[in-house]
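The structure appears below as structure tokens.
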Amino acid sequence: MSSSTPQVITCKGAVAYGAGEALVMEEVQVSPPQPMEIRIKVVSTSLCRSDLVAWETHAIFPRIFGHEASGIVESVGLGVTEFKEGDHVITVFIGECMECRLCTSGKTNICEVLGLERKGLMHSDQKTRFSVKGKPVYHYCAVSSFSEYTVVHSGCAVKVDPHVPLEKICLLSCGVAAGLGAAWNVADVSKGSTVVIFGLGTVGLSVAQGAKLRGASRIIGVDNNPQKFDNAKAFGITEVVDPNSYKEPIAQVIKRITDGGADFSFECAGDTDMITTALQSCCDGWGLTVTLGVPKVKPAMSAHYALLLMGRTLKGSLFGGWKPKTDLPSLVDKYVKKEIDIDDYITHNLPFDNINKAFNLMKEGKCLRCVIHMPRQ
């Protein structure tokens with residue numbers, strides 16, 4: 001830690017002022033890190049569909065979105081011993097305090113202290129570290145990486161080897177890690193099993209990669225955008241189903257082509273009606289459905305009780321069950337050893353000034369991940 005006291009930094013930030021409105025590049029003031037916080041110079045950040053959904057529907061504005069990111073620690077607050085200036089890190093939207101009842105349970109990756117932040121404020125003091133012309137700007141998921149500098153709680157960052165490419169591993173902050181973990185940690189996909197995945201975006205295709213690496217014999221991808229199909233097979237999808245090509249309910253199609261239903265189904269589309277469809281697509285007795293999409297509308301779901309009575313299980317998955325500080329280093333190591341793929345999910349690389357293009361590409365379904373590169377200084 002430097003002996004000098006960190007000061008306010010003025011930098012570029014992409015500020016959202018209203019639902020669905022183009023982000024505005026502003027001169028943003030970023031406060032120094034408070035106790036147990038670190039300030040990060042963002043190097044690379046990728047656009048996740050969760051950012052898009054919140055931008056289109058969320059009521060908290062003005063706001064700086066972005067939560068899949070990597071960068072370099074610029075300064076640290078009082079009490080921080082895990083990080084120092086110059087450390088390379090990736091951010092995480094749920095933290096790990098390692099001390100609360102949930103963190104020490106060994107049963108979950110949810111943290112009572114640093115859980116999913118929904119108010120647009122810092123965990124520690126319920127205040128914001130951003131302002132524009134003296135007016136506060138809210139955070140998103142306790143990260144807000146669409147800014148050249150950001151402040152996060154030290155429990156919401158993971159140190160990585162400085163030789164690992166930051167422009168690649170930012171995808172492990174959310175999407176790719178979430179999909180792999182859903183297949184490995186939450187569902188525990190078994191060799192020779194049949195898997196069906198609803199939604200073939202980055203998360204769904206990461207589930208496919210995880211299922212493939214576990215030795216699943218059939219990995220069926222369901223999506224209403226046929227343009228995704230050729231690319232999907234490169235990630236492990238063995239066959240594809242377009243719901244628009246069938247007159248019968250898609251759950252019946254899946255049950256028919258799998259002789260009774262899949263062993264595992266994953267809802268990755270952010271559609272609560274699709275959760276019910278995924279549950280119906282599982283087999284009786286042991287069928288397991290995992291939901292990990294973020295719904296844009298209609299957060300409540302419904303399903304006939306008999307689906308569960310017949311032995312099916314429905315599970316939720318947040319960040320693929322990974323405990324960020326404990327588990328993410330092993331995922332980074334797998335990437336370095338070429339045991340998992342990250343690079344092929346990156347379909348576009350854009351400079352920070354073109355961040356609105358990234359939003360448009362995702363809205364139009366023309367990208368998996370756009371990596372946004374901050375200016376080099």
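Just so it is clear, the structure is predicted and the values come from calculations on it, not from any experiment. By convention here, the first residue in the shown sequence is residue 1.
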Salt-bridge present (Glu82, Lys159; N to O < 4.0 Å):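 Here Glu82 does not pair with Lys159 in a salt bridge, since their nearest N and O are not under 4.0 Å apart.
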
Lys/Arg-Asp/Glu bridge criterion (N-O < 4.0 Å) met for Glu148, Lys12: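 The answer is no: the pair does not qualify as a salt bridge.
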
Is there a side-chain contact between [X] and [Y] (heavy atoms, below 4.5 Å)?
{"X": "Tyr246", "Y": "Val241", "answer": "yes"}
{"X": "Val152", "Y": "Ile38", "answer": "yes"}
{"X": "Cys48", "Y": "His67", "answer": "yes"}

Residue pair Thr272 / Lys298: nearest heavy atoms and the distance that separates them: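 Between these two residues, the closest heavy atoms are OG1-O, 2.6 Å.
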
Least distance between heavy atoms, Ser317 atom then Val186 atom: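 Closest approach of Ser317 to Val186, heavy atoms only: OG-CG2, 3.5 Å.
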
Parallel, tilted or perpendicular, as decided by the 30° and 60° cut-offs, for the rings of Tyr345 and Phe235: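 Taking Tyr345 first and then Phe235, their aromatic rings sit tilted (interplane angle of 30° to 60°).
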
His139 and Phe130 aromatic ring geometry - parallel, tilted or perpendicular at 30°/60° bounds: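 Tilted.
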
Can I get a per-line list of side-chain donor-acceptor pairs under 3.5 Å for residues 250-259, giving both atom names and the distance, sequence neighbours left out?
residue	atom	partner	partner atom	Å
Arg256	NH2	Glu248	OE2	2.6
Thr258	OG1	Ile254	O	2.5
Thr258	OG1	Gly261	N	2.9

Pairing residues for His304 by the side-chain contact (heavy atoms from CB on, under 4.5 Å) criterion, not counting sequence neighbours: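 Listed in chain order: Ala306.
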
Could you give the distance from [atom1] ([X]) to [atom2] ([Y]), rounded to the nearest 0.5 Å?
{"X": "Glu56", "Y": "Asp51", "atom1": "CD", "atom2": "CG", "value": "11.0 Å"}
{"X": "Ile372", "Y": "Asp353", "atom1": "CD1", "atom2": "CG", "value": "11.0 Å"}
{"X": "Phe198", "Y": "Ile220", "atom1": "CZ", "atom2": "CD1", "value": "9.0 Å"}

Phe146 ring center near Phe65 ring center (under 6.0 Å):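 No, the ring of Phe146 stays outside the 6.0 Å limit from the ring of Phe65, centre to centre.
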
Side-chain cluster (under 4.5 Å, hydrophobic types only) that Val113 belongs to, other residues: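 Same cluster as Val113: Leu114.
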
Check against side chain to side chain donor-acceptor pair (under 3.5 Å), Glu267 and Thr291: CA-CA 5 Å; Glu267 184 283 312; Thr291 177; 2.8 Å; yes

Criterion side chain to side chain contact (heavy atoms under 4.5 Å, CB included) on Phe352 and Thr45, from CA distance to verdict: CA-CA 9 Å; Phe352 187 33; Thr45 179; 5.9 Å; no

Under 3.5 Å donor-acceptor, Gln126 side chain and Met122 backbone: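 Answer holds: yes.
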
